[in-house]
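Here the structure is laid out as C-alpha coordinates; the discussion comes afterwards.
Lettering follows sequence order; numbering is per chain, from 1.
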Amino acid sequence: MSSDVTTGSTPIKRGLAEMLRGGVIMDVVTPDQARVAEDAGACAVMALERVPADIRRDGGVARMSDPEMIEGIQAAVTIPVMAKARIGHFVEAQILQSLGVDFIDESEVLTPADESHHIDKHSFTTPFVCGATNLGEALRRISEGAAMIRSKGEAGTGNIVEAVRHLRSILGDIRRIGQADSAEIYDWAKRLQAPLPLVREIAESGRLPVPLFCAGGIATPADAAMAMQLGAEAVFVGSGIFKSDDPAPRARAIVEATTHFGDPSILAKVSRALGAPMTGIGMDAVTERYSDRGW
Amino acid sequence: MGVAPPRPTVGVLALQGAFSNHLSVLAELGVVGRAVRRPDDLEGIDALILPGGESTTMSMLLDSSELRAPLTDLLDRDLPVLGTCAGLILLSSRVDDGRDDQRGFGRLDLRTARNAYGRQNESFESRVELADGRSIPGIFIRAPRIVEVGPEVEVLGALDGVPVLIRQGNAIGCAFHPELTGDATVHRLLIDRIGRSLTTVSDASQED
(Lines give C-alpha, C1' and ligand atoms only; values in the text may rest on other atoms or scores of the structure.)
Protein backbone atom coordinates (compact mmCIF):
# COMPACT_ATOMS: atom_id res chain seq x y z
CA MET A 1 0.00 0.00 0.00
CA SER A 2 1.38 3.40 -0.86
CA SER A 3 -0.30 5.36 1.95
CA ASP A 4 1.38 5.85 5.30
CA VAL A 5 0.13 2.81 7.17
CA THR A 6 0.62 1.82 10.84
CA THR A 7 -0.03 -1.68 12.20
CA GLY A 8 0.04 -3.03 15.74
CA SER A 9 -0.56 0.33 17.45
CA THR A 10 -2.40 0.62 20.76
CA PRO A 11 -5.60 1.99 19.13
CA ILE A 12 -5.65 -0.93 16.69
CA LYS A 13 -5.16 -3.49 19.45
CA ARG A 14 -7.74 -1.94 21.74
CA GLY A 15 -10.01 -1.41 18.75
CA LEU A 16 -10.49 -5.14 18.18
CA ALA A 17 -11.34 -5.50 21.88
CA GLU A 18 -13.98 -2.76 21.41
CA MET A 19 -15.47 -4.72 18.49
CA LEU A 20 -15.98 -7.79 20.71
CA ARG A 21 -18.08 -5.92 23.25
CA GLY A 22 -21.52 -7.28 23.98
CA GLY A 23 -20.42 -10.63 22.61
CA VAL A 24 -19.55 -14.14 23.74
CA ILE A 25 -16.11 -15.70 23.20
CA MET A 26 -16.32 -19.47 23.35
CA ASP A 27 -13.64 -22.09 24.11
CA VAL A 28 -13.46 -24.72 21.34
CA VAL A 29 -11.19 -27.73 20.92
CA THR A 30 -12.11 -28.86 17.37
CA PRO A 31 -13.08 -27.23 14.06
CA ASP A 32 -16.56 -28.75 14.48
CA GLN A 33 -17.00 -27.05 17.84
CA ALA A 34 -15.76 -23.80 16.30
CA ARG A 35 -18.47 -24.02 13.66
CA VAL A 36 -21.12 -24.75 16.31
CA ALA A 37 -19.91 -21.66 18.20
CA GLU A 38 -19.98 -19.45 15.09
CA ASP A 39 -23.45 -20.72 14.14
CA ALA A 40 -24.65 -19.89 17.64
CA GLY A 41 -23.46 -16.28 17.29
CA ALA A 42 -20.09 -16.32 19.08
CA CYS A 43 -18.17 -13.10 18.34
CA ALA A 44 -14.86 -15.01 18.60
CA VAL A 45 -13.54 -18.42 19.58
CA MET A 46 -10.66 -19.47 21.83
CA ALA A 47 -8.79 -22.37 20.22
CA LEU A 48 -7.31 -24.79 22.76
CA GLU A 49 -6.60 -28.49 23.13
CA ARG A 50 -8.49 -29.04 26.37
CA VAL A 51 -11.16 -26.93 28.01
CA PRO A 52 -10.25 -25.81 31.54
CA ALA A 53 -12.46 -28.47 33.18
CA ASP A 54 -10.36 -31.16 31.49
CA ILE A 55 -7.07 -29.42 32.29
CA ARG A 56 -8.19 -29.40 35.93
CA ARG A 57 -9.13 -33.09 35.80
CA ASP A 58 -5.97 -34.22 33.97
CA GLY A 59 -3.45 -32.18 35.95
CA GLY A 60 0.13 -32.03 34.69
CA VAL A 61 1.64 -29.11 32.75
CA ALA A 62 -0.79 -27.32 30.44
CA ARG A 63 0.87 -25.61 27.45
CA MET A 64 0.08 -23.73 24.24
CA SER A 65 -1.99 -25.78 21.77
CA ASP A 66 -0.54 -27.56 18.73
CA PRO A 67 -0.28 -25.06 15.84
CA GLU A 68 -1.95 -27.56 13.52
CA MET A 69 -4.99 -27.65 15.77
CA ILE A 70 -5.13 -23.83 15.88
CA GLU A 71 -4.84 -23.58 12.10
CA GLY A 72 -7.65 -26.09 11.69
CA ILE A 73 -9.91 -23.83 13.72
CA GLN A 74 -8.75 -20.71 11.85
CA ALA A 75 -9.73 -22.43 8.60
CA ALA A 76 -13.15 -23.44 9.94
CA VAL A 77 -14.55 -20.02 10.88
CA THR A 78 -14.54 -16.38 9.74
CA ILE A 79 -14.82 -14.83 13.22
CA PRO A 80 -11.68 -13.88 15.22
CA VAL A 81 -9.66 -16.76 16.66
CA MET A 82 -7.84 -16.41 19.97
CA ALA A 83 -5.32 -18.78 21.54
CA LYS A 84 -3.60 -19.12 24.91
CA ALA A 85 0.05 -18.74 25.85
CA ARG A 86 1.47 -19.54 29.30
CA ILE A 87 2.08 -16.60 31.64
CA GLY A 88 5.53 -15.21 30.82
CA HIS A 89 6.09 -17.60 27.90
CA PHE A 90 7.00 -15.05 25.26
CA VAL A 91 8.09 -17.70 22.75
CA GLU A 92 4.68 -19.35 22.77
CA ALA A 93 3.31 -15.86 22.13
CA GLN A 94 5.75 -15.35 19.23
CA ILE A 95 4.54 -18.61 17.71
CA LEU A 96 0.88 -17.63 18.12
CA GLN A 97 1.59 -14.26 16.50
CA SER A 98 3.28 -15.97 13.54
CA LEU A 99 0.18 -18.18 13.16
CA GLY A 100 -1.88 -15.03 12.77
CA VAL A 101 -4.22 -15.56 15.72
CA ASP A 102 -6.32 -12.43 16.31
CA PHE A 103 -5.82 -12.23 20.10
CA ILE A 104 -3.39 -13.93 22.51
CA ASP A 105 -4.65 -14.84 25.98
CA GLU A 106 -1.74 -14.84 28.43
CA SER A 107 -3.62 -17.26 30.59
CA GLU A 108 -3.44 -18.57 34.14
CA VAL A 109 -5.35 -21.64 32.93
CA LEU A 110 -2.06 -22.87 31.45
CA THR A 111 0.88 -23.62 33.73
CA PRO A 112 2.95 -20.44 34.24
CA ALA A 113 6.39 -20.37 32.59
CA ASP A 114 7.79 -17.48 34.63
CA GLU A 115 7.25 -16.87 38.35
CA SER A 116 7.73 -13.11 38.30
CA HIS A 117 7.50 -11.73 34.76
CA HIS A 118 4.58 -11.48 32.43
CA ILE A 119 5.13 -11.12 28.68
CA ASP A 120 6.15 -7.65 27.44
CA LYS A 121 3.07 -7.29 25.29
CA HIS A 122 4.08 -3.95 23.75
CA SER A 123 6.63 -5.77 21.61
CA PHE A 124 3.92 -7.71 19.74
CA THR A 125 1.63 -6.74 16.84
CA THR A 126 -1.06 -9.16 18.03
CA PRO A 127 -3.21 -7.81 20.88
CA PHE A 128 -3.25 -9.57 24.27
CA VAL A 129 -5.95 -10.26 26.84
CA CYS A 130 -4.93 -10.99 30.43
CA GLY A 131 -6.82 -12.09 33.50
CA ALA A 132 -7.07 -10.07 36.71
CA THR A 133 -8.52 -10.62 40.16
CA ASN A 134 -8.30 -6.98 41.25
CA LEU A 135 -7.66 -3.51 39.89
CA GLY A 136 -3.92 -3.47 40.67
CA GLU A 137 -3.40 -6.64 38.68
CA ALA A 138 -5.49 -5.26 35.80
CA LEU A 139 -3.43 -2.04 35.67
CA ARG A 140 -0.12 -3.90 35.77
CA ARG A 141 -1.24 -5.98 32.79
CA ILE A 142 -2.39 -2.86 30.94
CA SER A 143 0.96 -1.19 31.60
CA GLU A 144 2.63 -4.26 30.05
CA GLY A 145 0.48 -3.75 26.94
CA ALA A 146 -2.71 -5.80 27.45
CA ALA A 147 -5.50 -4.54 25.15
CA MET A 148 -8.26 -6.26 27.10
CA ILE A 149 -8.74 -7.36 30.70
CA ARG A 150 -10.92 -10.25 31.80
CA SER A 151 -11.77 -11.42 35.27
CA LYS A 152 -9.91 -14.62 36.08
CA GLY A 153 -12.81 -16.21 37.87
CA GLU A 154 -12.02 -19.85 38.53
CA ALA A 155 -11.85 -21.55 35.14
CA GLY A 156 -13.26 -25.03 34.68
CA THR A 157 -15.50 -24.97 37.76
CA GLY A 158 -18.81 -23.84 36.27
CA ASN A 159 -19.04 -21.68 39.38
CA ILE A 160 -19.49 -17.94 38.90
CA VAL A 161 -18.62 -16.91 42.46
CA GLU A 162 -14.94 -16.07 41.86
CA ALA A 163 -15.64 -14.05 38.69
CA VAL A 164 -18.23 -12.07 40.63
CA ARG A 165 -15.66 -11.40 43.36
CA HIS A 166 -13.12 -10.19 40.78
CA LEU A 167 -15.56 -7.98 38.89
CA ARG A 168 -16.85 -6.43 42.10
CA SER A 169 -13.31 -5.79 43.28
CA ILE A 170 -12.16 -4.18 40.00
CA LEU A 171 -15.30 -2.12 39.37
CA GLY A 172 -15.73 -1.21 43.04
CA ASP A 173 -12.21 0.19 43.25
CA ILE A 174 -12.73 2.13 40.00
CA ARG A 175 -15.81 3.74 41.59
CA ARG A 176 -13.90 4.51 44.80
CA ILE A 177 -10.98 6.05 42.89
CA GLY A 178 -13.50 8.30 41.19
CA GLN A 179 -14.24 9.76 44.65
CA ALA A 180 -10.58 10.16 45.67
CA ASP A 181 -8.98 13.60 45.99
CA SER A 182 -5.65 14.38 44.32
CA ALA A 183 -3.55 13.39 47.36
CA GLU A 184 -5.37 10.08 47.77
CA ILE A 185 -4.57 9.10 44.16
CA TYR A 186 -0.92 8.55 45.19
CA ASP A 187 -2.01 6.26 47.99
CA TRP A 188 -4.22 4.30 45.60
CA ALA A 189 -1.30 3.82 43.20
CA LYS A 190 0.86 2.61 46.08
CA ARG A 191 -1.76 0.23 47.48
CA LEU A 192 -2.64 -1.18 44.06
CA GLN A 193 1.04 -1.43 43.07
CA ALA A 194 -0.03 0.17 39.82
CA PRO A 195 1.42 2.99 37.69
CA LEU A 196 0.27 6.42 38.86
CA PRO A 197 -0.64 7.72 35.36
CA LEU A 198 -3.06 4.82 34.87
CA VAL A 199 -4.66 5.45 38.28
CA ARG A 200 -5.06 9.13 37.34
CA GLU A 201 -6.60 8.16 34.01
CA ILE A 202 -9.17 5.99 35.79
CA ALA A 203 -9.97 8.74 38.27
CA GLU A 204 -10.83 11.01 35.34
CA SER A 205 -12.59 8.57 33.00
CA GLY A 206 -14.31 6.33 35.55
CA ARG A 207 -13.40 3.22 33.57
CA LEU A 208 -10.48 1.04 32.56
CA PRO A 209 -8.63 2.29 29.45
CA VAL A 210 -9.35 -1.09 27.81
CA PRO A 211 -12.54 -3.19 27.71
CA LEU A 212 -13.26 -5.35 30.79
CA PHE A 213 -14.72 -8.77 30.04
CA CYS A 214 -15.87 -11.54 32.37
CA ALA A 215 -14.31 -15.02 32.35
CA GLY A 216 -14.14 -18.01 34.64
CA GLY A 217 -17.16 -20.05 35.66
CA ILE A 218 -20.00 -18.90 33.38
CA ALA A 219 -22.33 -21.87 32.77
CA THR A 220 -25.80 -20.42 32.18
CA PRO A 221 -27.50 -17.50 30.39
CA ALA A 222 -28.26 -16.02 33.82
CA ASP A 223 -24.54 -16.15 34.74
CA ALA A 224 -23.67 -14.21 31.57
CA ALA A 225 -26.38 -11.61 32.20
CA MET A 226 -25.27 -11.20 35.82
CA ALA A 227 -21.71 -10.50 34.70
CA MET A 228 -23.00 -7.92 32.23
CA GLN A 229 -25.25 -6.26 34.83
CA LEU A 230 -22.29 -6.05 37.19
CA GLY A 231 -20.44 -4.07 34.50
CA ALA A 232 -18.56 -6.57 32.33
CA GLU A 233 -18.60 -5.59 28.65
CA ALA A 234 -18.60 -9.11 27.16
CA VAL A 235 -18.13 -12.68 28.38
CA PHE A 236 -15.85 -15.64 27.83
CA VAL A 237 -17.41 -19.07 28.22
CA GLY A 238 -14.90 -21.86 28.61
CA SER A 239 -16.08 -25.28 29.74
CA GLY A 240 -19.65 -24.07 30.26
CA ILE A 241 -20.83 -24.73 26.72
CA PHE A 242 -19.14 -27.89 25.47
CA LYS A 243 -19.28 -29.59 28.89
CA SER A 244 -23.06 -29.18 29.00
CA ASP A 245 -25.61 -31.74 27.77
CA ASP A 246 -26.61 -29.88 24.62
CA PRO A 247 -23.99 -27.31 23.59
CA ALA A 248 -25.56 -25.62 20.52
CA PRO A 249 -28.80 -24.32 22.11
CA ARG A 250 -26.95 -23.36 25.30
CA ALA A 251 -24.36 -21.43 23.29
CA ARG A 252 -27.08 -19.55 21.45
CA ALA A 253 -28.99 -18.83 24.64
CA ILE A 254 -25.87 -17.38 26.28
CA VAL A 255 -25.33 -15.14 23.22
CA GLU A 256 -28.90 -13.85 23.46
CA ALA A 257 -28.62 -13.38 27.23
CA THR A 258 -25.43 -11.35 26.82
CA THR A 259 -27.16 -8.96 24.39
CA HIS A 260 -30.41 -8.69 26.35
CA PHE A 261 -28.76 -8.84 29.77
CA GLY A 262 -31.06 -6.27 31.28
CA ASP A 263 -34.35 -7.80 30.14
CA PRO A 264 -35.54 -10.57 32.54
CA SER A 265 -38.42 -11.62 30.25
CA ILE A 266 -35.99 -12.43 27.44
CA LEU A 267 -33.64 -14.11 29.93
CA ALA A 268 -36.51 -16.31 31.10
CA LYS A 269 -37.36 -17.20 27.52
CA VAL A 270 -33.82 -18.16 26.49
CA SER A 271 -33.14 -20.09 29.72
CA ARG A 272 -35.91 -22.65 29.02
CA ALA A 273 -35.27 -26.31 28.24
CA LEU A 274 -31.53 -26.14 27.71
CA GLY A 275 -30.78 -29.53 29.30
CA ALA A 276 -28.30 -29.89 32.14
CA PRO A 277 -25.51 -27.33 32.49
CA MET A 278 -22.01 -28.56 33.33
CA THR A 279 -22.07 -30.10 36.81
CA GLY A 280 -19.58 -27.67 38.28
CA ILE A 281 -17.66 -27.79 41.55
CA GLY A 282 -17.77 -25.80 44.77
CA MET A 283 -14.71 -23.74 45.71
CA ASP A 284 -14.01 -25.94 48.77
CA ALA A 285 -13.35 -28.84 46.41
CA VAL A 286 -10.93 -26.86 44.22
CA THR A 287 -7.45 -28.06 45.06
CA GLU A 288 -5.54 -25.69 42.79
CA ARG A 289 -6.70 -22.14 42.27
CA TYR A 290 -5.69 -20.92 38.80
CA SER A 291 -6.63 -17.39 39.84
CA ASP A 292 -3.63 -17.35 42.22
CA ARG A 293 -1.33 -17.57 39.19
CA GLY A 294 -0.06 -14.23 37.87
CA TRP A 295 1.83 -11.47 39.61
CA MET B 1 -23.70 21.18 11.28
CA GLY B 2 -26.88 21.76 9.29
CA VAL B 3 -29.08 19.96 11.81
CA ALA B 4 -32.66 20.89 10.98
CA PRO B 5 -34.71 19.70 13.96
CA PRO B 6 -33.61 20.38 17.54
CA ARG B 7 -31.92 17.37 19.15
CA PRO B 8 -32.62 14.62 16.65
CA THR B 9 -32.56 11.03 17.93
CA VAL B 10 -30.14 8.56 16.38
CA GLY B 11 -30.60 4.86 17.10
CA VAL B 12 -27.50 2.69 17.41
CA LEU B 13 -27.97 -1.04 16.88
CA ALA B 14 -26.76 -2.44 20.22
CA LEU B 15 -26.86 -6.20 19.68
CA GLN B 16 -23.08 -6.66 19.69
CA GLY B 17 -20.01 -4.58 18.85
CA ALA B 18 -18.78 -1.02 19.31
CA PHE B 19 -22.19 0.56 19.89
CA SER B 20 -21.23 2.46 23.03
CA ASN B 21 -18.37 4.18 21.19
CA HIS B 22 -20.89 5.50 18.63
CA LEU B 23 -23.20 6.65 21.44
CA SER B 24 -20.29 8.63 22.93
CA VAL B 25 -19.64 10.40 19.60
CA LEU B 26 -23.34 11.25 19.28
CA ALA B 27 -23.37 12.71 22.80
CA GLU B 28 -20.39 14.92 21.92
CA LEU B 29 -22.27 16.17 18.86
CA GLY B 30 -25.30 17.08 20.97
CA VAL B 31 -27.46 14.42 19.38
CA VAL B 32 -29.66 12.06 21.39
CA GLY B 33 -28.34 8.54 20.96
CA ARG B 34 -30.44 5.49 21.73
CA ALA B 35 -29.30 1.88 22.03
CA VAL B 36 -31.54 -0.32 19.87
CA ARG B 37 -32.07 -3.88 21.11
CA ARG B 38 -35.83 -4.38 20.69
CA PRO B 39 -38.38 -3.26 18.06
CA ASP B 40 -39.80 -0.68 20.50
CA ASP B 41 -36.43 1.08 20.55
CA LEU B 42 -36.91 2.09 16.90
CA GLU B 43 -39.89 4.32 17.61
CA GLY B 44 -39.29 7.91 16.60
CA ILE B 45 -35.64 7.61 15.58
CA ASP B 46 -34.42 10.05 12.90
CA ALA B 47 -31.41 8.01 11.79
CA LEU B 48 -29.69 4.73 12.54
CA ILE B 49 -26.12 3.50 12.99
CA LEU B 50 -25.11 -0.12 12.37
CA PRO B 51 -21.80 -0.42 14.29
CA GLY B 52 -18.72 -2.55 13.88
CA GLY B 53 -18.59 -5.93 15.55
CA GLU B 54 -19.12 -9.38 14.12
CA SER B 55 -21.60 -9.38 11.24
CA THR B 56 -22.39 -13.09 11.72
CA THR B 57 -23.31 -12.46 15.37
CA MET B 58 -25.40 -9.40 14.55
CA SER B 59 -27.16 -11.19 11.72
CA MET B 60 -28.26 -13.99 14.07
CA LEU B 61 -29.35 -11.52 16.75
CA LEU B 62 -31.32 -9.41 14.25
CA ASP B 63 -33.59 -12.41 13.80
CA SER B 64 -33.84 -13.53 17.42
CA SER B 65 -34.49 -9.94 18.55
CA GLU B 66 -37.25 -9.53 15.94
CA LEU B 67 -35.54 -6.47 14.52
CA ARG B 68 -34.97 -7.57 10.94
CA ALA B 69 -38.45 -6.83 9.58
CA PRO B 70 -38.96 -3.41 11.21
CA LEU B 71 -35.42 -2.36 10.28
CA THR B 72 -35.89 -3.44 6.67
CA ASP B 73 -39.10 -1.44 6.61
CA LEU B 74 -37.41 1.72 7.97
CA LEU B 75 -34.49 1.42 5.56
CA ASP B 76 -36.86 0.89 2.63
CA ARG B 77 -38.44 4.21 3.62
CA ASP B 78 -35.02 5.83 3.22
CA LEU B 79 -34.23 6.34 6.91
CA PRO B 80 -30.73 7.88 7.06
CA VAL B 81 -28.32 5.11 8.01
CA LEU B 82 -24.59 4.76 8.64
CA GLY B 83 -22.96 1.33 8.58
CA THR B 84 -19.36 1.02 9.81
CA CYS B 85 -17.26 -2.11 9.17
CA ALA B 86 -19.65 -4.98 10.04
CA GLY B 87 -22.47 -2.44 9.57
CA LEU B 88 -21.22 -1.79 6.03
CA ILE B 89 -21.42 -5.54 5.36
CA LEU B 90 -25.01 -5.59 6.63
CA LEU B 91 -25.92 -2.76 4.22
CA SER B 92 -24.17 -4.25 1.17
CA SER B 93 -26.14 -5.90 -1.61
CA ARG B 94 -23.44 -8.55 -2.21
CA VAL B 95 -20.92 -10.02 0.24
CA ASP B 96 -17.96 -12.24 -0.61
CA ASP B 97 -16.94 -14.80 2.03
CA GLY B 98 -20.20 -14.28 3.88
CA ARG B 99 -22.00 -17.23 5.38
CA ASP B 100 -25.00 -18.70 3.57
CA ASP B 101 -27.30 -17.78 6.44
CA GLN B 102 -25.91 -14.27 6.77
CA ARG B 103 -28.41 -11.84 5.30
CA GLY B 104 -28.09 -8.10 5.09
CA PHE B 105 -30.36 -5.23 4.10
CA GLY B 106 -29.03 -4.72 0.57
CA ARG B 107 -29.42 -0.97 0.97
CA LEU B 108 -26.10 -0.16 -0.77
CA ASP B 109 -25.39 -1.32 -4.31
CA LEU B 110 -21.95 -2.73 -3.49
CA ARG B 111 -19.90 -5.86 -3.50
CA THR B 112 -17.85 -6.15 -0.30
CA ALA B 113 -15.36 -8.81 0.72
CA ARG B 114 -15.28 -9.71 4.43
CA ASN B 115 -11.92 -9.50 6.24
CA ALA B 116 -10.27 -8.83 2.87
CA TYR B 117 -7.49 -6.70 4.35
CA GLY B 118 -6.42 -9.70 6.44
CA ARG B 119 -6.50 -10.83 10.04
CA GLN B 120 -5.86 -8.67 13.09
CA ASN B 121 -2.07 -8.51 12.51
CA GLU B 122 -2.85 -6.72 9.21
CA SER B 123 -5.30 -4.27 10.82
CA PHE B 124 -3.98 -0.74 10.33
CA GLU B 125 -4.28 3.00 10.79
CA SER B 126 -4.08 5.30 7.79
CA ARG B 127 -5.36 8.69 6.64
CA VAL B 128 -8.40 8.47 4.37
CA GLU B 129 -8.51 10.88 1.41
CA LEU B 130 -11.90 12.54 1.08
CA ALA B 131 -13.43 13.54 -2.25
CA ASP B 132 -13.31 17.21 -1.19
CA GLY B 133 -9.51 17.08 -0.79
CA ARG B 134 -9.38 16.84 3.01
CA SER B 135 -8.19 13.76 4.85
CA ILE B 136 -9.39 12.15 8.08
CA PRO B 137 -7.90 9.45 10.34
CA GLY B 138 -9.01 5.89 9.65
CA ILE B 139 -8.70 2.79 11.84
CA PHE B 140 -9.25 -0.42 9.85
CA ILE B 141 -9.83 -3.52 11.99
CA ARG B 142 -10.24 -6.80 10.11
CA ALA B 143 -11.95 -4.48 7.69
CA PRO B 144 -14.19 -5.37 4.76
CA ARG B 145 -12.97 -4.24 1.34
CA ILE B 146 -15.36 -2.61 -1.10
CA VAL B 147 -14.58 -4.38 -4.39
CA GLU B 148 -17.33 -3.06 -6.66
CA VAL B 149 -19.70 -0.09 -6.49
CA GLY B 150 -22.95 0.39 -8.42
CA PRO B 151 -23.73 3.43 -10.60
CA GLU B 152 -25.80 5.17 -7.89
CA VAL B 153 -23.01 5.01 -5.33
CA GLU B 154 -20.97 8.14 -4.63
CA VAL B 155 -17.42 7.59 -3.38
CA LEU B 156 -16.74 10.07 -0.55
CA GLY B 157 -13.42 8.71 0.66
CA ALA B 158 -10.75 6.34 -0.60
CA LEU B 159 -7.50 4.70 0.41
CA ASP B 160 -5.04 4.11 -2.42
CA GLY B 161 -7.88 4.37 -4.90
CA VAL B 162 -10.10 1.83 -3.11
CA PRO B 163 -13.41 3.29 -1.85
CA VAL B 164 -13.69 3.19 1.95
CA LEU B 165 -16.44 5.77 2.54
CA ILE B 166 -19.45 5.82 0.22
CA ARG B 167 -23.01 7.13 0.07
CA GLN B 168 -26.08 6.13 -1.83
CA GLY B 169 -29.03 8.42 -1.11
CA ASN B 170 -29.46 8.45 2.66
CA ALA B 171 -27.29 5.39 3.25
CA ILE B 172 -23.63 5.86 4.16
CA GLY B 173 -21.13 3.02 4.32
CA CYS B 174 -17.71 3.13 5.95
CA ALA B 175 -15.08 0.37 5.93
CA PHE B 176 -13.21 1.87 8.88
CA HIS B 177 -14.07 2.96 12.44
CA PRO B 178 -14.84 6.69 12.76
CA GLU B 179 -16.13 6.00 16.31
CA LEU B 180 -12.57 5.23 17.47
CA THR B 181 -10.64 8.18 16.05
CA GLY B 182 -12.14 11.26 17.73
CA ASP B 183 -12.95 12.77 14.31
CA ALA B 184 -16.72 13.18 13.87
CA THR B 185 -16.71 13.98 10.12
CA VAL B 186 -18.47 10.73 9.20
CA HIS B 187 -21.10 11.08 11.94
CA ARG B 188 -21.82 14.62 10.73
CA LEU B 189 -22.47 13.25 7.24
CA LEU B 190 -25.22 11.09 8.76
CA ILE B 191 -26.71 13.89 10.82
CA ASP B 192 -26.73 16.09 7.70
CA ARG B 193 -29.05 13.60 6.03
CA ILE B 194 -31.69 13.92 8.75
CA GLY B 195 -33.10 17.27 7.62
CA ARG B 196 -33.31 16.00 4.06
CA SER B 197 -35.59 13.09 4.85
CA LEU B 198 -37.82 14.56 7.56
CA THR B 199 -41.07 13.93 5.71
CA THR B 200 -40.34 10.30 5.01
CA VAL B 201 -39.22 9.50 8.52
CA SER B 202 -42.01 11.29 10.37
CA ASP B 203 -44.57 9.53 8.11
CA ALA B 204 -42.99 6.26 9.04
CA SER B 205 -43.06 6.91 12.77
CA GLN B 206 -46.72 7.98 12.67
CA GLU B 207 -47.70 4.64 11.22
CA ASP B 208 -45.87 2.66 13.89
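Side-chain contact between A/I266 and B/R38 is present, with at least one heavy-atom pair separated by less than 4.5 Å. A/E18 is not listed as a side-chain neighbour of B/E179, based on a closest heavy-atom distance of 4.5 Å or more. Between B/R142 and A/D102 there is a side-chain heavy-atom pair separated by less than 4.5 Å. Within the 4.5 Å cutoff, no side-chain heavy atoms of A/V5 are placed close to those of B/E125. Here the side chains of B/Q120 and A/P80 are not in contact, with every heavy-atom distance at 4.5 Å or above.
Without hydrogens or angle criteria, B/Q16 side chain to A/M19 main chain gives a donor-acceptor distance under 3.5 Å. Remark: side-chain polar atoms of A/T7 are not paired, donor with acceptor, to backbone N or O of B/E122 under 3.5 angstrom.
Within a 6.0 Å radius of CE in A/M228, more than 12 heavy atoms belonging to other residues, nucleotides or ligands are found. For CD of B/E152, the number of neighbouring non-hydrogen atoms (other residues, nucleotides, ligands) closer than 6.0 Å is 12 at most. For B/F105, the CZ atom is densely surrounded, since the number of other residues' heavy atoms within 6.0 Å is greater than 12.
Contact annotation for B/A86: neither backbone nor side-chain heavy atoms come within less than 4.5 Å of a heavy atom of chain A. For chain B, the nearby part of A/A42 is the backbone; its heavy atoms alone come within less than 4.5 Å. Proximity to chain A (any heavy atom under 4.5 Å) is shown, for B/L15, by both the backbone and the side chain. At a 4.5 Å heavy-atom cutoff, the contact between A/Q74 and chain B is made by backbone and side-chain atoms alike. The contact between A/V101 and chain B is made entirely by backbone atoms, counting heavy-atom distances below 4.5 Å. Neither the backbone nor the side chain of A/A17 has a heavy atom closer than 4.5 Å to any heavy atom of chain B.
Side-chain atoms of B/R114 and A/T78 include a donor-acceptor pair closer than 3.5 Å. If you check the side chains of A/T125 and B/N121, you find no donor sitting under 3.5 Å from an acceptor.
Chain B forms the most heavy-atom pairs under 4.5 Å with one residue out of A/A234, A/G100, A/A44, and that residue is A/G100. Across A/G23, A/P211, A/C43, the residue that shares the most heavy-atom pairs under 4.5 angstrom with chain B is A/C43. Among B/V162, B/I139, B/N21, the residue with the largest count of heavy-atom pairs under 4.5 Å with chain A is B/N21. For the set B/S55, B/G52, B/S123, B/A18, the count of heavy-atom pairs under 4.5 angstrom toward chain A peaks at B/S123. Interface summary for chain A: among B/S20, B/C85, B/G118, the most heavy-atom pairs under 4.5 angstrom belong to B/S20. The choice from B/N115, B/I141, B/T181 that makes the most heavy-atom pairs within less than 4.5 Å of chain A is B/I141.
In this structure, the separation between CG on A/D39 and OG1 on B/T56 is 9.0 Å, given to the nearest 0.5 Å.
In summary, B/R127 and A/D4 do not engage in a salt bridge, as defined by a charged side-chain N under 4.0 Å from a carboxylate O. Taking a cutoff of 4.0 Å between a charged side-chain nitrogen and a carboxylate oxygen, B/R37 and A/D263 do not qualify as a salt bridge.
The two residues A/G41 and B/M60 come nearest to each other via the heavy atoms CA-CE, 4.0 Å.
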task: Begin with the C-alpha distance, continue with both residues' side-chain angles, and end with the deciding distance and a verdict on side-chain contact (heavy atoms from CB on, under 4.5 Å) for B/S65 and A/E256.
output: CA-CA 8 Å; B/S65 308; A/E256 290 187 52; over 6 Å; no

